[in-house]
Each structure stands twice: as C-alpha cells, then as structure tokens.
Amino acid sequence: MIQRPDFQPSTRKSKGAALRPHLGVEVDPNHGLWAFFRKKEVDGEMVYVSLEGRDTFQDDPGESWKAAELRRKSFKDLHTLWYVLLRERNLLAAQREEARRIGVSNPESLAGIKKDVQCRKSMARIKYVINERRLLYEKYIAELEAKRQLLVSKPKPTTTGVQPSQDKENVPRTRAERLKARRTKRSSTPITV
C-alpha cells in the first residue's frame, strides 16, 4: 500500500483496539460485526474463528427446542431466545459463506449444518407457540365482546310495582342517608295504641 508522505495514523486509541498496520485503521475488539465469528480460546488468548470443522466442535450441538418447553417460557424469554437463535444462524451463514469463498470442497465437513437445521426448527416452533397464544387471546377477546354485547342488549328491568325499600337505586348508601331514611320511616308510620 502506498501512503502519502504526510499520513499520520490516528493517535486516538480505544481500549484493546488493535491497529491494522497494513491499513492504518484501528479496529474495536467489541465491534458488533465480530458477532459473526465464533470466539474461541487458543493458548490462553481469545481469537475469532471464521470456520469450524466437525472435529473441533467439542460437544454435540444438542437438540432443538420442543414446543412443550417453549410454552412454559414468557414472551420476554421467547423474544430473547429468538434473537439468540437468529444470531447463531447468522454466524453459521457467515461460516458457510467463508467456506464457499475459500473453496471448501466438502461443506458437510463443517460443524454448522446440523446446528442450522436445529436453529430453524426452534425458530419455527417459537412462531408456532406465539401463534397459539395469539389465537387464544383473540378467542378470549371475542368471548368478552360477546358477553358485553349480551349485557348491553338485555332490557333493563322496570321498577313498576316495586316497593321503595326493594328499589336498588333508592337504597341509602351512606350512614347519614340510612339514618335519614330511618327517621322518615318512623315519622310516616302511624302510632297505634
């Protein structure tokens, strides 16, 4: 690379930023694009791996999430899990693209084929569980609306022929109203001897 004679690399350094000498550009180690590569510890130092072979894949990737397990999760947990799975799929897609770019003859030798299928299954099951919850919510809303319409459409009972003491609207509510009603009732009844 040809540099201008007056070129000065930036003196501003971020914590732990590695200077790329061939470009003269600082690289932030916490940059979001590093999430597309798996971080591994090699000889006590953290490095980013662009390709993983099956033999370096330490554990079996496990199983995809079952719908029964997902039904026990809250919306927040499902939302978080969705983005964890999406991030993993992006990481696996970056590895697949890197393998294509460098011309790996046997892509099945990569570790991510089975894991990508499991991520897609888990994501499909999350969508299924969320849809179940949405349908149940809509069902309950429709039932509540039907009950509300039933209550609104019911005719209000008339109070003809009802004694004032039986009329719910004329029932005294406060202590003062009850005492006043009691006094007027006593004064209105004739005293018989």
Side-chain angles (χ1 to χ4, degrees), residues 28 30-39 48 52 57-97 107-108 110-193:
D28 185 9
N30 297 322
H31 195 279
L33 289 177
W34 287 114
F36 286 100
F37 304 102
R38 198 170 306 282
K39 193 187 267 190
Y48 290 95
E52 280 183 301
F57 200 68
Q58 295 170 352
D59 297 327
D60 185 38
E63 296 180 347
S64 55
W65 285 84
K66 305 284 186 237
E69 296 169 334
L70 295 170
R71 285 186 189 104
R72 293 191 298 257
K73 300 285 183 191
S74 67
F75 278 111
K76 185 178 179 183
D77 290 343
L78 290 175
H79 185 82
T80 303
L81 182 59
W82 176 270
Y83 281 102
V84 166
L85 292 168
L86 184 63
R87 180 182 174 275
E88 183 67 22
R89 286 193 64 201
N90 283 338
L91 187 145
L92 295 170
Q95 287 183 4
R96 193 169 44 250
E97 181 59 27
E108 286 81 27
L110 298 176
I113 303 296
K114 184 177 178 186
K115 196 159 191 172
D116 188 42
V117 171
Q118 290 174 341
C119 286
R120 285 186 292 145
K121 277 185 182 179
S122 294
M123 291 174 87
R125 288 174 181 157
I126 288 173
K127 286 172 77 173
Y128 182 80
V129 168
I130 294 286
N131 191 44
E132 281 181 339
R133 291 180 185 185
R134 181 187 59 83
L135 292 174
L136 192 62
Y137 173 77
E138 288 174 356
K139 176 185 165 190
Y140 285 136
I141 292 296
E143 287 177 5
L144 286 173
E145 184 63 26
K147 286 180 183 178
R148 191 184 70 76
Q149 289 296 330
L150 184 64
L151 289 174
V152 168
S153 65
K154 257 188 184 178
K156 198 170 185 180
T158 58
T159 58
T160 56
V162 177
Q163 298 292 331
S165 63
Q166 295 173 335
D167 190 3
K168 300 269 188 222
E169 293 176 6
N170 292 331
V171 173
R173 289 179 168 63
T174 64
R175 183 173 188 268
E177 288 176 350
R178 287 193 304 268
L179 289 173
K180 184 178 177 184
R182 207 178 302 153
R183 279 191 219 118
T184 56
K185 188 177 177 184
R186 285 183 193 157
S187 63
S188 66
T189 55
I191 300 177
T192 56
V193 182

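Residues: numbered from 1 along the sequence shown.
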ask   = Can you find a heavy atom in the side chain of Asp77 that is under 4.5 Å from one in the side chain of Leu70?
value = no

task = Take Arg148 and Glu145 through the test salt bridge (Lys or Arg N to Asp or Glu O under 4.0 Å) and record every step on the way to the result.
result = CA-CA 5 Å; Arg148 191 184 70 76; Glu145 184 63 26; 2.8 Å; yes

request  = Can you see which heavy atom on Glu63 is nearest to which on Gln118, and at what distance?
outcome  = CA-NE2, 4.0 Å

key: Verdict with supporting geometry, Asp116 and Arg96, salt bridge (Lys or Arg N to Asp or Glu O under 4.0 Å)   = CA-CA 10 Å; Asp116 188 42; Arg96 193 169 44 250; 3.7 Å; yes

key: Test log, rule side chain to side chain contact (heavy atoms under 4.5 Å, CB included), inputs Met123 and Leu86   = CA-CA 8 Å; Met123 291 174 87; Leu86 184 63; 4.0 Å; yes

ask   = Side chains of Arg134 and Asn131: is there a donor and an acceptor less than 3.5 Å apart?
value = yes

remark   = When rounded to the nearest 0.5 Å, the distance separating NZ of Lys121 from OH of Tyr128 is 15.5 Å

ask   = If you count the non-hydrogen atoms of other residues, nucleotides and ligands that lie under 6.0 Å from NZ in Lys66, is the total more than 12?
value = yes

key: Glu69/Arg125 under salt bridge (Lys or Arg N to Asp or Glu O under 4.0 Å): CA gap, chis, key distance, verdict   = CA-CA 10 Å; Glu69 296 169 334; Arg125 288 174 181 157; over 6 Å; no

Ser122 (side chain) donor-acceptor with Cys119 (main chain) under 3.5 angstrom = no

note = The reported gap from CG in Leu135 to CD1 in Ile130 (rounded to nearest 0.5 angstrom) is 11.5 Å

message = I need the single residue from Trp82, Phe75, Tyr83 that forms a ring-ring contact (aromatic ring centres under 6.0 Å, His included) with His79. Which is it?
response = Tyr83

note = Rounded to the nearest 0.5 angstrom, the CG-CD distance for Leu92 and Glu97 is 13.5 Å

query = Looking at NZ of Lys127 and CG of Leu78, how far apart are the two atoms once the value is rounded to the nearest 0.5 Å?
reply = 14.0 Å

task = Please check if the side chain of Arg89 supplies one atom and the backbone of Val84 the other of a donor-acceptor pair under 3.5 Å.
result = no

key: Audit row: Ile126, Trp65, side chain to side chain contact (heavy atoms under 4.5 Å, CB included) steps and yes/no   = CA-CA 9 Å; Ile126 288 173; Trp65 285 84; over 6 Å; no

Distance in Å, Leu85 CG paired with Lys115 NZ, rounded so as to fall on 0.5 Å steps = 9.5 Å

